[in-house]
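Remarks on the structure that follows.
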Amino acid sequence: MSNAPAIPALKSVALLCFSSLFLACAKAPPPEDAPAETRAVEWTKHGGGDAEQRFSPLAQISPDNISQLGLAWAFDLGVSRGIEATPLVVDGVIYVTATWNKVSALDAKTGALRWQYDPKVDRSKAADLCCDAVNRGVAYADGKIITGTIDGRLLALDAKTGVKLWDTITVDQSQPYTITGAPRIVRDKVFIGNGGAEYGVRGYVSAYDINTGALLWRFYTVPGNPADGAESPAMAKAAETWKGEWWKFGGGGTVWDSMAYDPELDLLYIGVGNGSPWNQSIRSPGGGDNLYLSSIVALRPDTGEYVWHYQTTPGETWDYTATQHMILADVNIDGKARKVIMQAPKNGFFYVIDRASGELLSAKNYVPINWATHVDLETGRPVEIPEARWGGKAPYMQLPGPFGGHNWHPMSFSPDSGLVYIPAMETPYVYAQDENFSFNSKGWNTGADSAMGSLPTDIAQFKAVKAAVKGRLLAWDPVKQQPAWQVEHNSPWNGGVLSTAGGLVFQGNADAKLVAYRADNGERLWDFFAQTGIVAPPISYELDGEQYIAVASGWGGTFALVYGGLFPAESDAGVGRLMVFKLGGKASLPAISDKVTARPAPPESTADAKTIARGKALYDSNCVVCHGDHVVSSGLIPDLRWSPLLATDAAIQAVVIDGLLSSRGMPSFNGVLTKSDAQALRSYIIHAAHEGLEAKLDIGK
């Protein structure tokens, strides 16, 4: 196994000055007659600026006075699912999205509600969501708030009133596409991708007219059926790298999160996701690089023309997406000024790439890995460990697993320290061939044996796995390609990061704390108990000479859904909020009410071992991503072990087959599961209730 090098003493890194276009917070010049309260340093773009550095030039809050930071106000978002949004602050108003895509506009100084907009998405689309009913925020330009919806729409709202200006469908809504990412805007164009690779879709990114919502261009990220012809020379080139009949599985390659833009080079960068299914031996038998999976692709924003790409994981087969946050910066490497794009994708390597040409400059692992030994700088390709390519071979315990060394949670780059602050993690996973794979039109299609990814029930084995699952805030030197400092967390699933000119780094965590650290050495200086876990990234803005820190709280996302019950954080799944802090803030959160979860006695477990095993296989293939491993819920979704649906076979069939609760986000599996399957599921859930796994393992809240 290859390991990250030891932590050295931090030395300053010489950096070039950044133009105003690359500042993480843009100073918005107000009209001459603007009231004083609108004169501000604001956060008007998703990553703070086009370069997506998530660095604030504000320095009022510093290590010297951080102890005085307190809550200024909080706004209850009215939901209890994962909140992943980056708020925007424009003209003294803060805009934030919540579960099911509800948009709120609030006074950035007082928290007073200006307006709310509910797009009323079809909650049965929860069947097509891999990773919770989340949204990562809005975009702003020209008096418009632009947002995407889970059911594949792109909306423009009047920023002052919340009135809908236009509404465009960006996907074939009969297919399992979803949108969870934040749009980006360049000039008069809005860019949005989509998700759904595990469900069998073909990925793409689209550009829309900001004034009308009209489609301007579309760039597909994987080739379609060759019989239909290639849409572009880029797709013709990609098709040469695929084998078999991949298009029958969609291919994947969804652009579900990160983008960045360089105005000087006029290049739009998109991060491309995993293959569909994960298992390349099924998706593309015979191998091939499978372009443009797991790639950074540079496009012309006006036309969608392909310029260059760099593929982080050729022949992707591990869910190693390259959709993770990308940052643009100007740095000195070997005494030479370089314009770079930096990414720490799931595969565990930190990449520094020339953003004009796509040339790889350096790549080192930032977390322990055992699927490759290194990246060959001559070829730009990882040197794989043969046993790790698991399709059709023996099972392989791998680092990173499909959660990656870094997931969607944004990292931050400080031009002051020269460091990138990464929400890193170690999450091993056993990959093994699914010998009975058949395409599931309403569920996950990984081509991996889901039982192998289930946590062991043996206490000693479980404790060994738990000890191997780690999370940390990692300060990484991108020039030296080595860590400067790191802080260990109790859980792998922690929030995005903000760095500031005040010499601070802010990050929320699974233990319901927003924490401030020294940017130079990681010393913990301050924290605030948020009552629920924080996975969203903080931002900073200034109003009337006061600096504010804002973050949305709300425990959730894919790790929380699948493993949150067996890896409980020191937080509740409680109500999501937007919290805003300033020096001298005196507000407080409402007291936590005592919750008592009713646990009625489950029906007697009478099924034989074969039926229970069949039920577990069905559960792991169709239910685990929402209701939790071994039916131990995180609290975000009802715990099925104590559900009245277990009373009879008819009751569970009414929900699973007939769709009784589809309007509440529990979709029908009619056509995928039979009544006999529903009976087997019920038998397994009853068995799991009697097993009491979390009690045996002495875990829980």
Side-chain angles (χ1 to χ4, degrees), residues 46-47 52 77 79 81-88 95-103 118-139 145-155 168-171 173 175-184 190-199 201 203-206 221 252-259 270-274 276 319 321-326 346 402-404 406-410 444 493 495-496 535-537 552 554-562 576 625-626 636-637 665 667:
H46 183 68
E52 301 270 328
L77 296 170
V79 293
R81 297 282 292 271
I83 304 294
E84 299 184 356
T86 296
L88 297 189
Y95 302 91
V96 65
T97 55
T99 309
W100 304 114
N101 305 123
K102 181 182 288 186
V103 184
D118 186 351
K120 300 186 184 304
V121 300
D122 177 4
R123 296 196 177 189
S124 68
K125 285 294 290 181
D128 301 330
L129 286 163
C130 75
C131 311
D132 208 353
V134 298
N135 180 265
R136 295 186 189 90
V138 302
I145 292 295
I146 313 294
T147 188
T149 65
I150 285 168
D151 53 5
R153 291 178 287 153
L154 190 66
L155 307 175
T168 295
I169 297 173
T170 73
V171 301
Q173 290 184 312
Q175 299 297 313
Y177 283 102
T178 53
I179 293 176
T180 57
R184 306 300 202 278
V190 184
F191 308 100
I192 193 69
N194 44 60
E198 280 79 15
Y199 297 86
V201 302
Y204 55 83
V205 63
S206 305
T221 53
T254 48
V255 184
W256 53 265
D257 194 15
S258 62
M259 301 183 203
I270 63 171
V272 184
N274 57 281
S276 175
D319 190 26
T321 61
T323 52
Q324 282 57 56
H325 184 197
M326 299 178 292
K346 278 189 181 180
F403 288 108
H406 170 217
N407 207 276
W408 70 268
H409 316 84
W444 275 42
W493 200 248
V535 292
W555 179 236
T558 180
F559 183 87
L561 286 174
V562 179
V625 295
C626 287
L636 296 169
I637 300 291

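Counting only distance, with no hydrogens or angles, the side chain of Asn194 and the backbone of Gly152 share no donor-acceptor pair below 3.5 Å. Within the 3.5 Å criterion, the main-chain N or O of Lys120 finds a donor-acceptor partner in the side chain of Asp118.
Residues passing the side chain to side chain donor-acceptor pair (under 3.5 Å) test with Asn135, sequence neighbours excluded: Thr97. Looking at residues two or more places apart in sequence or on another chain, you find a side chain to side chain donor-acceptor pair (under 3.5 Å) between Thr86 and Arg54. For Arg184, the side chain to side chain donor-acceptor pair (under 3.5 Å) test picks out Glu52, with sequence neighbours left out. Under the rule for a side chain to side chain contact (heavy atoms under 4.5 Å, CB included), the partners of Val201 that lie at least two apart in sequence or sit in another chain are Pro176, Tyr177, Thr254. Under the rule for a side chain to side chain contact (heavy atoms under 4.5 Å, CB included), the partners of Ile270 that lie at least two apart in sequence or sit in another chain are Val205, Phe219, Thr221, Val255, Met259, Leu268, Val272, Val297, Leu299. Checked against salt bridge (Lys or Arg N to Asp or Glu O under 4.0 Å), Asp319 has the following partners two or more places apart in sequence or in another chain: Lys346. Here Gln324 pairs with Thr321 under the side chain to side chain donor-acceptor pair (under 3.5 Å) rule; sequence neighbours left out. Qualifying side chain to side chain contact (heavy atoms under 4.5 Å, CB included) partners for Thr180, counting only residues two or more places apart in sequence or in other chains: Leu129, Val134, Arg136. With sequence neighbours excluded, the residues satisfying side chain to side chain contact (heavy atoms under 4.5 Å, CB included) with Thr558 are Cys131, Phe403, Trp493, Val562.
The two residues Gly137 and Pro183 come nearest to each other via the heavy atoms O-CD, 3.7 Å.
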